[in-house]
Amino acid sequence: MVETMKIAIERVKKSRLSEVDFSNIPFGKIYTDHMFMADYRNGEWTNFRIMPYGYMPISPATPALHYGQAIFEGMKAYKGLEGEALVFRPTDNWRRMNISGERICMPPIPEELFMESLAALIDLDRAWIPDTEGASLYIRPFMFSADEYIGIKPSDDFTFMIILCPVGSYYSTPVKVRIETHYTRASQGGTGYAKAGGNYGAAIYPAKLAQAKGYHQLLWTDGKTHEYIEESGTMNVMFVIDDTLVTPALSDSILAGITRDSVLTMARSWGMKVEERKISVKELIEAMEAGRVKEAFGAGTAATIAHLELIGYNGKDYYLPPIESRTFSNNVFAELEGIKRGLKSDPFGWIVKM
Ligand SMILES: *Cc1c(COP(=O)(O)O)cnc(C)c1O
């Protein structure tokens with residue numbers, strides 16, 4: 001447990017803030033002035049510190065580098081009207097990080113460690129939260145094994161960190177995806193439900209093959225039969241078929257997205273018919289051919305709502321209806337953005353002010 005959350009703070013001598021062109025922010029390349037670090041030693045979290053963002057020494061025998069004992073989270077903060085940071089559902093990210101950690105044999109992070117370190121870091125780098133349209137502060141908590149040992153076993157020592165980066169919008173155009181029926185992102189009994197490093201490293205090659213054919217991302221299918229739709233890149237996927245919002249039910253091979261949950265919660269509160277169930281590729285293709293798929297989008301923190309422009313399958317591209325006609329996903333995007341930015345009321349209590 002965390003006895004007393006005393007965080008040692010070493011500030012930068014000179015902020016890099018003035019060097020950043022906020023009108024043109026690339027995703028994930030610019031980091032704020034500071035970072036948070038904590039160590040797990042002898043069965044407890046200790047040595048809480050905030051220091052200037054930068055390189056850090058680690059042992060070449062760090063198991064995270066060899067065996068992927070690493071997990072991460074992703075969430076966003078927006079600038080409120082009074083300059084406060086509005087963080088979207090951070091306790092859900094904390095909860096999910098511990099679910100991921102358990103799968104990789106990592107110790108849980110106490111809620112107060114997660115929330116207080118986040119608040120302290122955001123407070124220090126508050127001026128970095130962009131207020132331009134579509135922009136926000138992306139928050140990346142992560143944990144890795146820090147033993148100096150190249151045997152494969154549960155580690156004893158860990159490092160928990162948080163870094164921050166101002167980001168613009170993720171996809172600037174509607175997304176082209178291809179249904180993947182050969183490669184597998186996650187399989188039954190695997191780590192797909194965990195935000196664990198190895199999942200993402202393994203997905204780059206199949207995604208690269210699709211990108212060479214002009215698609216942005218893959219639409220993954222289940223690892224066993226490749227007959228059922230799972231998710232896309234780092235987004236859950238949703239369809240409006242006729243008047244029903246349909247999304248694959250969660251399983252151990254699908255990441256339980258917080259954006260996914262937010263969209264479902266909102267849809268239900270609007271009285272929309274919602275189905276969380278298996279969606280076969282066959283059903284989806286037939287529904288697209290019959291013109292019954294009115295909307296299709298990815299849902300994730302980085303992109304919020306990413307409209308799908310087309311879905312490729314077996315060498316054929318199935319185009320989806322024009323973006324302007326997609327009432328539900330346009331409304332849900334506007335509502336979510338409004339809540340996140342503090343411009344609309346927050347009926348579900350999703351915003352934490354820091
Ligand atoms: C992070 C992630 C998502 C989206 O989760 P959010 O909590 O909405 O950001 C979906 N799928 C995968 C594989 C992810 O890593």
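When a ligand or atom number is given, it counts from 1 through the structure's own listing order. Everything numeric here is computed off the predicted structure, so don't read it as measured data.
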Taking Glu230's backbone N and O only, do any of them form a donor-acceptor pair with Asp222's side chain (distance below 3.5 Å, no angle check)?
no

According to the interplanar angle, ranging from 0 to 90°, do the rings of Tyr31 and Tyr53 count as parallel (below 30°), tilted (30 to 60°) or perpendicular (above 60°)?
parallel

Is the number of heavy atoms from other residues, nucleotides or ligands under 6.0 Å of Glu102 CD greater than 12?
no

Provide, to 0.1 Å, the distance between atom 5 (O) of ligand 1 and the closest protein heavy atom, together with that atom's residue and name.
Gly257 CA, 3.3 Å

Looking only at N/O atoms, are Thr301 and ligand 1 under 3.5 Å apart anywhere?
yes

Tell me, which protein residue and heavy-atom name are nearest atom 15 (O) of ligand 1, and how many Å apart are they?
Tyr200 OH, 2.5 Å

Heavy atom of Gly233, distance to ligand 1 below 4.0 Å
yes

Between Asp157 and Tyr149, does the side-chain hydrogen bond (donor to acceptor under 3.5 Å, both in side chains) criterion hold? Intermediate values first, please.
CA-CA 10 Å; Asp157 296 347; Tyr149 179 67; over 6 Å; no

Verify the distance criterion only: is there a donor paired with an acceptor across the side chains of Thr244 and Glu275 at less than 3.5 Å?
no

Mind checking whether Val87 and Ile129 sit in one hydrophobic cluster, side chains of I, L, V, M, F, W, Y counted as touching below 4.5 Å?
yes

Could you find the nearest protein heavy atom to atom 8 (O) of ligand 1 and give me its residue, atom name and distance?
Thr259 OG1, 2.6 Å

Could you tell me the residue and atom name of the protein heavy atom closest to atom 4 (C) of ligand 1, and the distance to it rounded to 0.1 Å?
Thr234 O, 3.4 Å

Examine Lys340 relative to Tyr78 and say whether NZ or CZ is less than 6.0 Å from the centre of the six-membered ring and inside a 45° cone about the ring axis.
no

May I ask whether Arg96 has any heavy atom positioned less than 4.0 angstrom from an atom of ligand 1?
yes

Polar proximity ligand 1 side, Lys195 side, N/O cut 3.5 Å exclusive:
yes

Check Tyr138, Trp350, Phe348 against Phe88 for a ring pair (Phe, Tyr, Trp, His ring centres under 6.0 Å) and give me the one that passes.
Trp350

Give the atom numbers and elements of ligand 1 that come within less than 4.0 Å of a heavy atom of Arg185.
13 (C)

Examine Glu231 against ligand 1 and note whether any of their N/O atoms are separated by less than 3.5 Å.
yes

Ala302 to ligand 1: N or O pair under 3.5 Å?
no

Does even one non-hydrogen atom of Met75 get within less than 4.0 Å of ligand 1?
no

